[in-house]
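To start, the structure under review is shown below, and the notes come after it.
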Amino acid sequence: MKLSNLDKYVPAKLYKRGVDYFEQNYVKDLREDGPNRWHAIVSGTGDYHVSMLLSKEDAILSSFCTCPFESDSLCKHEVAVCLAIQEHKKEYVPAPVDVLSRLKEMKKAELLEVLEDLLQQQPAVNLYLAEKFSETAEMDEAKACRMIRKSAKRASRSGFIEWDRTDQAIEGALEVQDYLDTLDPAQDGERIIRLSLIIVHECSEMLEKADDSSGIIGTVIGESLGKIGEVMEQWPESLNRVVFDRILDLFYPAILFHLKQDMTDVPASLVGSLMEWSDRGNYGTEIYSFIEKVISSEALQNKSHRYEAEQFRLFQLMILQQRGDQAAVESFYQTHRAYPYIRKAEVEQAMEAGEFEQAIRLCKESELVDSDLAGLVRDWKKKRFEAYSKLGWTKHQIALAYELAASGEQNYYIELKKLVEADEWQKTVASLLKDLKKLRWSTDLYVTILVEEKMTEELLEYCRANLHTIETLYPHLLADYPLEVNELFTSYIYQLVAPTSDRKKYQEACRKIKIYKKALGKEAAAVLIDELKFMYPKRKALLDELSKISY
């Protein structure tokens, strides 16, 4: 929909009301806040604010009005603003000018006059030039901070950065990133790390006063952390002890800051980058001690949850495993069994070593320890099932596969079907369906079994109890129960239409009618549409939407 063809998309009455509002000069304070971003106030029973985003071709990309009108169509206030924008564009059509050529033709005095006008009228130009004139060839940490903070300040309004200004807020950070891309990791690794940490710190602080629902600021943080990891991975083999100590001194306060801030995964990412050096000489031992220092810090000890500590313990475990000191690894398992992921690592080690009975024992112990955490208990059972499979303990596999399937795990229904003897299968299926019915939440597996086992009578009953499911399940019922499908589908559509006067709900019902037409044919759909028109002759929005369905 464009400004020029509103009348083709907006219902005639709404369009006419919009024209009336426009012609009576109800549109006030029309302005273009940014490229193709328009705002206006429309008078009526009250003052309504209208915001609109257009494409370069004047297509309406998004529109919003503070009036209570609910529809997919534009409201009368939005129509009036569209007409006002159209008129404004006709009155103020700028002649195409080759600005660069014109500037090149101007004399020095004329250029200075233009520049002086710009400096007076556009404060941003003054800031830009001041920043450019103060630039040096090199980028240091202080300069990086200034650049990032300036763009954040320019984008903020009353100390807050709205979602549609985050791209402006991170301009300084992007400029620092562009500079880092010109550096050689082999020669300038430490500088890249230092400046990347500045970006991460400043952007993390920016998050505290911004709506980052678009994820733009978070992406910059992630890219900078990735840059640090890449540099440390590519670091020359001859790792210098002094440089190593300096990096630890850089990382420690950064990790503490982000642990206290508790908004990002920066601490774990930085320790993960440090792990790139854990297999070099004796640095693994020092990184292990560094992680212990982080875990013992007040910043981590004050946290109520154990997520970061568990991640850090896993890094320590990796260092012990790299050493190949199995006695130290076993001792570590014993000391830190409170962490589920440490126990998972122990189970994985037992599985890799072929110690499947040991893995089963560890899983059973963990099921008891984590008994109040259903998700973790399920994970332990799945790992136990894997160990049973390796041992070929079919009876245990069947029992556990049934238990997992009865909790709604579809993959274990498939495993169960492979394991149970054919003559026992129908009995197993009946029992499984009975158990699935007892669940307090709905499960897709119940329906999957009815479809897979071709239990159409039971599937029909399920659709009767859950009317909306006829929309997706009708293909499995149509051959045996065409009349019942018709009845259920019709009831479902009436259920959507009857209680509402909302056009959006009518549009939803019409989408279902199109599915109904695909299922039962054009004639059946035509009959249903005629019935709805007869039943609700005064619902103009419904009649309008029904008229859009082609036979």
Side-chain angles (χ1 to χ4, degrees), residues 1 5-18 45 48 60 62-79 441-444 446-447 450-451 456-551:
M1 177 167 53
N5 62 3
L6 294 178
D7 54 334
K8 292 182 180 179
Y9 295 92
V10 179
K13 286 188 177 180
L14 276 176
Y15 182 75
K16 184 177 182 305
R17 295 293 301 280
T45 52
Y48 299 108
I60 300 170
S62 66
S63 181
F64 173 75
C65 180
T66 56
C67 77
F69 180 71
E70 289 187 4
S71 171
D72 285 345
S73 169
L74 298 180
C75 69
K76 59 191 176 185
H77 309 106
E78 290 167 313
V79 171
W441 61 91
S442 61
T443 172
D444 293 336
Y446 183 83
V447 176
L450 295 181
V451 171
T456 53
E457 186 176 347
E458 291 83 353
L459 191 61
L460 182 63
E461 288 305 312
Y462 178 83
C463 288
R464 283 196 173 114
N466 304 273
L467 205 54
H468 67 281
T469 60
I470 194 65
E471 179 184 348
T472 54
L473 296 178
Y474 77 83
H476 307 292
L477 296 168
L478 206 51
D480 295 334
Y481 301 104
L483 296 177
E484 289 82 353
V485 168
N486 190 8
E487 174 196 339
L488 291 175
F489 226 134
T490 303
S491 299
Y492 172 45
I493 291 166
Y494 266 100
Q495 193 180 77
L496 291 172
V497 170
T500 187
S501 58
D502 183 354
R503 181 179 287 270
K504 289 183 179 178
K505 294 289 178 63
Y506 293 151
Q507 290 170 342
E508 182 186 352
C510 287
R511 286 192 289 270
K512 309 306 179 189
I513 292 173
K514 290 176 183 177
I515 300 171
Y516 172 84
K517 183 175 75 170
K518 182 180 176 183
L520 292 148
K522 294 180 181 179
E523 290 184 13
V527 170
L528 175 57
I529 291 169
D530 288 342
E531 283 180 3
L532 288 167
K533 288 178 178 178
F534 177 78
M535 288 290 294
Y536 306 107
K538 295 183 179 180
R539 298 191 184 183
K540 294 182 180 180
L542 173 62
L543 299 177
D544 180 44
E545 293 302 327
L546 289 172
S547 68
K548 297 176 184 177
I549 301 175
S550 60
Y551 294 117

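The basis for the numbers below is simple: all heavy atoms, side chains too, and nothing from hydrogens, waters or symmetry mates. Source: prediction; values computed, not measured.
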Assess whether atom CD of Glu461 is packed by more than 12 heavy atoms of other residues, nucleotides or ligands within 6.0 Å.
yes
For Pro482 and Leu520 the tightest heavy-atom approach is O-CD2, 4.1 Å
Would you say the side-chain atoms of Tyr474 pair up with the backbone N or O of Tyr516, donor to acceptor, closer than 3.5 Å?
no
What's the separation between atom OH in Tyr481 and atom OG1 in Thr456, rounded to the nearest 0.5 Å?
4.0 Å
Value for CD1 (Ile493) from CD (Glu508), rounded to nearest 0.5 Å, stands at 11.0 Å
Within the structure provided, determine whether Tyr9 and Leu74 are in side-chain contact (heavy-atom separation under 4.5 Å).
no
With the side chain counted from C-beta on, respond yes when Leu532 and Ile513 share a heavy-atom pair under 4.5 Å apart, and no when they do not.
yes
Measure the spacing between NE2 of His468 and CG of Leu496 and express it to the nearest 0.5 Å.
11.0 Å
With a 4.5 Å heavy-atom cut-off, do Tyr492 and Leu488 have their side chains touching?
no
Closer than 3.5 angstrom, by distance alone: can the side chain of Arg539 be matched with the main-chain N or O of Tyr506 as a donor-acceptor pair?
no
Would you mind reporting whether Thr472 and Val447 have side-chain heavy atoms less than 4.5 Å apart?
no
Return the minimal non-hydrogen interatomic distance between Tyr48 and His77, and the atom names on each side.
CD1-NE2, 3.3 Å
Less than 4.5 Å apart, any side-chain heavy atom of Leu477 and any of Glu484?
no
Might you confirm whether atom CZ of Arg17 has over 12 heavy atoms from other residues, nucleotides or ligands at distances under 6.0 Å?
no
Would you mind reporting whether Leu459 and Val451 have side-chain heavy atoms less than 4.5 Å apart?
yes
Can any side-chain N or O of Glu545 pair as donor or acceptor with the backbone N or O of Leu542 at less than 3.5 Å?
no
Validation row: Lys533, Leu543 side chains within 4.5 angstrom (heavy atoms)
yes
Over all atoms of both residues, closest heavy-atom pair of Val79 and Gly18:
CG1-CA, 3.8 Å
For the atom pair SG (Cys510) and CZ (Arg503), what is the distance rounded to the nearest 0.5 Å?
10.0 Å
Heavy-atom side-chain contact between Leu528 and Lys517 under 4.5 Å
no
Between Ile515 and Arg511, is the side-chain contact (heavy atoms from CB on, under 4.5 Å) condition met? List the steps.
CA-CA 7 Å; Ile515 300 171; Arg511 286 192 289 270; 5.8 Å; no
Between Cys463 and Leu473, which heavy-atom pair has the shortest distance, and what is it?
SG-CD1, 3.7 Å
Are there over 12 heavy-atom neighbours, none belonging to Lys505, within less than 6.0 Å of that residue's NZ?
no
When rounded to the nearest 0.5 angstrom, what is the spacing between OH in Tyr536 and OG in Ser501?
12.0 Å
In this structure, are over 12 heavy atoms from other groups packed under 6.0 Å from Lys548 atom NZ?
yes
Distance, nearest 0.5 Å, that separates CD of Glu531 from OG1 of Thr490
7.0 Å
